[in-house]
Structure formats: structure tokens, C-alpha cells
Number of protein chains: 2
Amino acid sequence: MTTIKDIARVAGVSVTTVSRALNGYGDVNENTRQKIIQVSKDLNYSPNTLARGLVMNKSRTIGLLVSGMNRQNAKDQFTFEVLSGINEYASEQDYDLILFSTNSTKQREKTYSQLCKERRVDGVILSGIKTDDPYLQEVVESDIPCILIDIPMKSDTVGYVTTDNVLGASTAVNHLIGLGHRNIAMVNGHDQAFVSPQRLQGYKEALETRHLPFRPEWVVNGAYDEETARQEAEKLLARYPEITAVFCASDLMALGVLKAAVSLGRRVPEQLSVVGYDDILLASYSNPPLTTISQNKFQLGYEAATMLIHMLEGSREPHEMYLDTQLVIRRSTSENHN
Amino acid sequence: MTTIKDIARVAGVSVTTVSRALNGYGDVNENTRQKIIQVSKDLNYSPNTLARGLVMNKSRTIGLLVSGMNRQNAKDQFTFEVLSGINEYASEQDYDLILFSTNSTKQREKTYSQLCKERRVDGVILSGIKTDDPYLQEVVESDIPCILIDIPMKSDTVGYVTTDNVLGASTAVNHLIGLGHRNIAMVNGHDQAFVSPQRLQGYKEALETRHLPFRPEWVVNGAYDEETARQEAEKLLARYPEITAVFCASDLMALGVLKAAVSLGRRVPEQLSVVGYDDILLASYSNPPLTTISQNKFQLGYEAATMLIHMLEGSREPHEMYLDTQLVIRRSTSENHN
DNA sequence: CTGAAAGCGCTAACAT
DNA sequence: ATGTTAGCGCTTTCAG
């Protein structure tokens, strides 16, 4: 494997000069530079980023700490789309991505900062982390630059990008109210997601604004899981047949509610309106296609990468960003005729 | 940041001893080891993998060269599931994954081996690479250990994991023939995928075995794209109304055919049977749900990682593996009544 | 069982 | 404009 030493020898200069020439410093004779570049091509040289990283104490690498990269969770490719967005900007900026996965079967006993310190990543992006995840604690305490996706926490080294989940949820519920629904239930996700209480909040606010009563017993926990949501919705709808619409905190759960409706013999949207959240791919293919709150997952990742890299390069801008969401009306909602 | 030097100082030993103690060598006094371990904990030490990689010339890192990690392609999350599988085994074995993306907007002028050499990855897994991709050439020539997904190429340092695509395709077509179909068309993908000619081959073989004529004009190119497939299928079916079944080289294209059937007013499966390939998530949610050839994408990745890591650790087993596929019968196929 | 010393490939003062 | 030297944090002979 060729090193700058080899180049130096062949080109008849010192390693310093080689290093400077190759890194585009100005204080190198143009002829020397050309010669060095030629030699390095002849010798098929590639720089050793490990060595460079060691001395510069900078690896041009971003760590990705994602949970939800496993067999089951592949269903909502939320993570994947975020990843694609991150990758897009990172590769534009010549940063590499290194994947840490928290879902290792033999549960990794390593701490968050160990993971990062070992690999000498310059910064980290966290996605899909639960609020009770020990890693989250560490982030705030550690001084490693970090961007959180969908968890609004801030410090000197921590930023986030997310959407306004209260607004998103209230938009969804307002849509239902606008269609004449008065008895609107909610299937929320588990409490370990930051967005859950916020979406609940949005649901409440929308009801309140229209002077509709909030009925706690109409809010069930679907754990962001299709099957759990189906079961919970089945119980709920059987018990309170007066419910004419359901707002779900995720599309996956909305899919579960759709199944519950089938098994209860209630046609969607004629006899039951359903709204999801996320606008995952499946949402437009389900039967009927889901009305939902759309998030631009790719952009979420893209912006997170942008923010992190700016941060790494010394920007002092505020490290927070809210992206817009959008109500996408498909065929799982219609006017209430009761 | 703590280094072994710090530990050595505090523990009152040499760096050599610290290194040996921490790496579990036998020739260290157990008391000394305990002391060193204690100190390293107190000092919150993490090893610097860059330094280690530099001296050992080994990074315990696997490069991932995937194409198809972009906005559009997110649809079939083939890549993502493969990735999950790779990640699973790699993290079990304490290897880290580094993501190279070939779809960078400013097209990366770096060569494959440059990418790998720079980052000093121990080995690489390639997925979603087209046969005319320049990277592929390089792989075979370079001496970097490498596993290909779905491209059967072998050398001392190159292995692959794939499925039997001829068999898969013929199984699909035989299913149609078994349902009484005689006029079976095929929507194939572009020729830049290794699997395309193989699936075509399987289609031909199945026809031949049952003494059905092969009609080249009934094979169209859907480019592995839903919309292209829809258009091509529409033309094909309009022109040859006698076709009663279509075999597609991917589910995504099958979805396109489903749309074509709708716009031509042909009910699936009553008036047209459709078979896909891959068994992507969408396949079970489409309307009607797709009959398809299922590939275990997660396992594809898992086995690729296994094979690569074994290779890296010196195994001399053959570096090739064929996984089984499975016919999944859903509701897009039925008996032919013509 | 332990330590001194060399060196992986690179960059960065500090000369010259 | 170029070379000398030191050193990033680690592993690994080689001696003791």
C-alpha cells in the first residue's frame, strides 16, 4: 500500500511537501505540486484516513444511532428514509456514515459515548430513540455534537429537527371535525416516544377549540404496533359504537384500525373515518388509502445532517428546526352521517 | 480524552502492560490486570480505534456499497432489509458498518478501491449494483474481500449470496400454467441487473417444459419501475388481449401491471392473473394482494455479512450461497376460464 | 511477568 | 518554498 513516504522518495521531496501539495496548501511550488500529483497517481495512492484522523483528531465521520433497524420494524421504513436523507447531504459534504445499531441481540453494554469515542466520530445523529433510552441521557451530558430527530432537546452541543406534532395532530382532528364528526377517538402510541404526548395534546386542543368533550376512555394505547392497535381498536369500537372517527398517532396503527373495522363489519369511510400519521408508503396502498399527516422523512434526515455538519464546522446558528407537515386526504375519511 | 498512557501513569505500570492487560493477554499478573481495569474504568477510558487500526492495519469495519438509497427507490425497501440483516450479524461480531453511497449527486469520481483503501475497511458488501457499474469491474480486480448480493461472481477474495432466480421464475410461471393459463406474458426488468436474464430464462424453461411456445413479443421491459411497467403492460395487453396472465420480475412492476389492468377494465384475478417477484411489504397490501416469489432479504444480508466476516477471519470455505425462495400465493392469481 | 523502544501514516510547528 | 522533527494512541518485537 502506497504511503506519502513512497511518493516523497520517488518525487525526491520530503513527506511534508507531499502532504502539503496533496492537501492543496498554497506554499508549494506549482511544478513540485504537479510532479507530486503525478507520482501519487502513478503509485495509485490513497490517503490513509485512519492516520489522518489520528493526528487531526477528526475523522470526517458521522455516527448514526438508530433504533428500529430490525426485522419487525422494517415495515415502516421511516428510519430508512431518514437514513437516505442523512446520507444524501453527508455524501455531498464528503462525510462518511457509520452505523451504530442499538438493537444488537447480545445487548451492547457499551455506553453511547464509548461508542462514539471509540470510533472517533465527529458527531452523531440519533433517530428512533425512546425517551427512556439510557442513551438519551448520555447525549445531553456528553459533549459530542449531536442532532436528535423528533426529540426537542437542546444544549451547546445538542440540536434537533422535528415537526410540530401538536399542530399536526390538531390538523388531523380538525379535518374530522370539519367532516361533521363529534365522537372522535384516538389510538396513541406508547409513552416512550416524545411525539406521543404531543399528538395527544393536539387531539385535545382540537376538541377543546370546537367545544367537544375530551373523553379519556376514548384514548387507547396502540404501542405504535399494528396488531396492538387492531386489538385495542376492536375493544374500543365494540364498547363505544357511537364513535364515528379515529385519529391514530401512526399509519401503522391506522392500518390496524382498518383491520378492526373489517372484523367489526364497519365500512371505512362510510361508517368509520380513520386518520393516520406519518404518510408511510403503505398509507397510499391500503384499502382504502389512508388520510394522514404527511412528514417528509427524507428531509428530516437531510436537515439533520445539514445541521450537524454546520455545527461541526463551527456554526453558531440555533440548532433547532421544525419542518412542516401536511394533511393528505385520501379515502379513509368522509362526512359523518349520523 | 484518556489514553493508555494516562492509565499507565496512574496504575504505575508501562503502556505495554496496559495494552496487554486490556486486550486479555495471558502474560499479565492477575492483580496488575485488575488494577489496570479498575483504573481504566475510573478514568472512563475508551480505546482509540483509529490508532489501533493504524498499527494493526485492520479496522474491524465493513464497507457497504449500496446503490438505490435515494428518495425514489425507497419504495421497495429491499436495500433496507438487506442492510438490517447485514447490521444484525456485523454487530453481533462487533464489526462496524460504514456506508458508502454511490448515488451522490456530485457523482463521486473516486474509484471503488480508493473508497475502501481510504477508509481502510476490512471488507465490503455490494448490493443493488448494476452489471455495467464500473465499480463491479474493480471488485474482481481489487484484492479487497468482498461479498456480492445477487451477482454470482467468484474469486479468491470475492464471494456472493443470491437465490436461484431461474428456479424462482419457473416456479412462478408453473404456478400460472397449473392454473390453466396458456398465454402468459412477462414484464422483465432492465438488463443491467444480473437477475433479469435469469428470470427470463426461468420463464422460458417453464414454458418449454409444458410445450408452450415462447413469444418474444410478449416479453416487455418494465425497467424495475412501477410506472414504466404500467405503460408497457397497458400497450401489451391492449395489443394482445389473449394474454391471461403476466409474470413480473419484481413486485413493484407487478403493482404497475395491476394499475394497467384497472385502466383497461380487466379485473384481477378474474380476467388477468399477475405474479410478482421479491415479496416486498407492499405485495401483501396491494389490491388484490400479490401472488409472488418471496425472497428473504434480511437473510440475504445476514448471510452476506456472515460469509464476509468468516472470510476475513481466514475461512477457506467456498464463498457462495444460494438461498431458497418461496411461492407465496395471494389473490392476484386464479384459474383461467377462457 | 514487565518495560523500553520502534513504528503504523500522517500533519504541524519550527526552522531554513 | 522546502525539510527536520515531533507526536497523535496504539501494538509489538525484543530484552530483561
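Computed from heavy atoms alone, side chains included, the values below leave out hydrogens, waters and symmetry copies. Residue numbers begin at 1 in each chain, while the letters A, B, ... track the order of the sequences.
For the pair B:Lys58 NZ and D:dG9 P, the interatomic distance rounds to 23 Å; values are reported in whole Å. When rounded to the nearest whole Å, the span between CG of B:Asp6 and P of D:dC8 equals 11 Å. Across the protein-nucleic acid pair, B:Arg33 atom CZ and C:dT2 atom C1' stand 13 Å apart, rounded to whole Å.
Within the nucleic acid shown, B:Asp27 comes within 4.0 Å of at least one base atom, counting heavy atoms only.
Side-chain polar atoms of B:Ser19 and B:Thr16 form no donor-acceptor pair below 3.5 angstrom. Using a 3.5 Å distance cut-off with no hydrogens or angles, the side chains of B:Gln38 and B:Gln34 do not pair a donor with an acceptor.
OP1 or OP2 of D:dT2 has not a single side-chain nitrogen or oxygen of A:Tyr25 nearer than 4.0 Å.
Among residues two or more places apart in sequence or in another chain, the side-chain hydrogen bond (donor to acceptor under 3.5 Å, both in side chains) test is passed with B:Thr131 by none. In this structure, B:Arg20 has no side-chain hydrogen bond (donor to acceptor under 3.5 Å, both in side chains) partners at least two apart in sequence or on a different chain. For B:Thr162, the side-chain hydrogen bond (donor to acceptor under 3.5 Å, both in side chains) partners at least two apart in sequence or on another chain are B:Asp150. In this view, A:His310 satisfies the ring-ring contact (aromatic ring centres under 6.0 Å, His included) rule with no residue, not counting sequence neighbours.
Secondary-structure stems of DNA chain D, taken as three or more successive Watson-Crick or G-U wobble pairs (i with j, i+1 with j-1) under a 3.5 Å distance threshold, comprise C:1-16 with D:1-16.
Between B:Tyr302 and B:Tyr89, the ring planes lie perpendicular to each other; the angle is over 60°, past the 30° to 60° tilted range.
Two rings, from B:His319 and B:Tyr160, have their centers 6.0 Å or more apart.
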For every nucleotide of nucleotides 3-9 of chain C, 5' to 3': is a protein heavy atom under 4.0 Å from its base (B), only from its sugar-phosphate (S), or from neither (-)? BBB-BBB
